[in-house]
Structures are given as structure tokens and as C-alpha cells.
Amino acid sequence: MHKLKIIVAGLLMLWVWLPAALAQEDDLLSLIEEEPATEQITNAFKSSRVINGHSMEMIGEGVLDFRILHRFGRVNQGYQQFFGLDQASMRMGFDYGVTPNLTVGVGRSTFQKELDGFVKWRILWQSKGAKTMPVSLVWVSGATYNGQEQPFPFTEVEPTFTRRMAYYHELIIGRKFSNEFTLQLSPVLVHRNIVENRLATNDFFALGIGGRYKLTNRVALVADYYHAFNRFPNSWVYNPLSIGVDIETGGHVFQLHFSNSNGMNERAFLLGDNGSWLNGDIQFGFNLSRVFQVKKPVLK
């Protein structure tokens, strides 16, 4: 009788313990199965450029981005020049996403009849989840070619191919802090093969800052500013500051903005004859981006 009691007690204990053990095992398996995946941050900006400068955003793989950048004259010219709308300069470009982390682009500007091209490579991609990366790190290298018949103010210098060239290198450090707010810093070096006088430097350094604040699902405020560190002494040229609004309409991103720079590539807007916001040397402009999926990306 005593042995029977022991057997019954053991069966009761097993009956109580077994479901709990199985449930614990299921909980452990669920933790393994629900281990967070790595989520890469996207849509930090709606375009691969903030306004003037490159953004931390890349062109998608196999996507061609056709871009038209248009800028009118200075608004302080008054009614006679219809507040700058009688004058205009533009840049037309094609950017292509070779891979998710590699973009190449070419363009041509009416300002100084300049050709430009660039390579943009994402070194680090901001992400969260299993692998966390707090920022995106993007490198951009580009070149420009002055296509004017006489590109230099001094006619005694022969305008050879190499003398017409300039180059820039830029490192973009950016972070999307929230669904609404993105901020990036962009140290940049511009090298000109020839300069206007002996006091001007061939190598020009600046630090850019760009940001975006999302107002609605399709509208966002954007701005970028570049501070020069070794501009020509006592130069009347000002640092470029641009403020605008991005409007997304399907496959288009339409941007309206105001800027004190006329140029629309790194050499041009950093070293061009930028005016003063306080004096009304402001130019209204718009950027239009239209993307086309020309190659279907390979699923891995």
C-alpha cells in the first residue's frame, strides 16, 4: 500500500511538471525564432541630394534617376528683371544605382557650360536590430570640366584640358534620428588645377550640414549649408545656404527652394560668386527628380 502511494504521488508530480516543462521549452524556442533581424534604415531623405549637396541617401539598384535642377536670377534685381525670373541656369543629370551601395552620375550645367561626374559609395548603412549601426557613412568623389571657350580671366594662359578640370571628395556622416528628422555632416575638399591668382589656394576645404524634417507623408522641409575654412582673403563671396520644401508625387520628387548660390555642383556652389541673404541676393529655384527602374535587382 505504501508503494502504491509513492507511485500515485510520482504520477501526480509528473502530471503537474510535464506541461510546465513543455511550455518553458516552447518559450525558449519562440525566443530563438523571434530573434530580431537587422533592419537597414531607409528614406532618410527623399532624394540623393539635399538641395545643393549630396545626401546620405542612395539610388536604388538598377534605378535611373533623371534630374533637372533649375535656378533663376537674384530676386533683388526688382521688377525690371521680374525678380530674377527673366534669368535662369540649369543642370541636367543622370544618376544610376549600380548596386544598393554604389551610385554613379553625370551632368551638364549651363553655368560655365560645366560637365561633371561622380561616384558615390556607401561604406556603412545605418541599421537597427540584430546588428546596430548608429550612422550611415557615404563617400563621394567627383570631377568637373569647364567647357567655356575662354574659362580664365587671364588670356595669356592656354585653357588646356587639365587646366579646365577640378575635383572634389566628400565624406557624408548622417543619421536618421526619427521618422521625421534626419541630420548629416559633410566635410569636403575641392581641388582646382588652376586658380585666379597667387593668393587663392588650389585646395579648398569646407564643412557642410544638411537636414530634413518631415511634415507629412509627402512633404518635408530641407536645408543645407557649407562653411568655408580657407576662402580667398577678404573675399566678398558668401557661404552657400539653401532652404526648400520636398514634395513627393509618386515617382517624382519635386523641390522648391531658395539659395544664394548659382552653381549646382560642388565646385560651382562652393567656389562660385555666392551672394548675401541679408542683401537679397537670393535665387528661387526648383529641382525635379524622376526615377525609372531600368534593371530588375537580383533577389538574394
Residues in salt bridge (Lys or Arg N to Asp or Glu O under 4.0 Å) contact with [X], at least two apart in sequence or another chain:
X	result
R71	none
R192	E196
E57	none

| request: Only counting residues at least two apart or in another chain, list the ones meeting ring-ring contact (aromatic ring centres under 6.0 Å, His included) with F45. | output: none
| Partner set under ring-ring contact (aromatic ring centres under 6.0 Å, His included) for Y167, not counting sequence neighbours | none
When you check the side-chain N and O atoms of [X] and [Y], is any donor under 3.5 Å from an acceptor?
X	Y	value
S261	N52	yes
N101	R122	yes
T103	D95	no
N287	S47	no
H191	N202	no

Sequence neighbours excluded, which residues qualify as side-chain contact (heavy atoms from CB on, under 4.5 Å) partners of [X]?
X	answer
V63	I59, V291, Q293
L185	I209
K128	E39, I41
S136	M56, W125, Q126

| task | Please report the shortest heavy-atom distance between K176 and T182, naming the atom on each side. | result | CG-OG1, 3.6 Å
| query | Between S259 and S242, which heavy-atom pair has the shortest distance, and what is it? | reply | OG-OG, 2.7 Å
| Does anything in residues 98-119 pair up under salt bridge (Lys or Arg N to Asp or Glu O under 4.0 Å), and if so which pairs, sequence neighbours excluded? | R91-D116, E114-R267
| said: side-chain hydrogen bond (donor to acceptor under 3.5 Å, both in side chains), that's the test. Do T162 and N193 meet it? Break it down for me. | reply: CA-CA 7 Å; T162 54; N193 283 347; 5.2 Å; no
| How are the rings of F258 and F284 set to each other: parallel, tilted or perpendicular (split at 30° and 60°)? | tilted
| query | Any side-chain hydrogen bond (donor to acceptor under 3.5 Å, both in side chains) pairs touching residues 208-222, not counting sequence neighbours? | reply | none
| Residue pairs passing the side-chain hydrogen bond (donor to acceptor under 3.5 Å, both in side chains) test where at least one lies in residues 269-280, sequence neighbours excluded | none
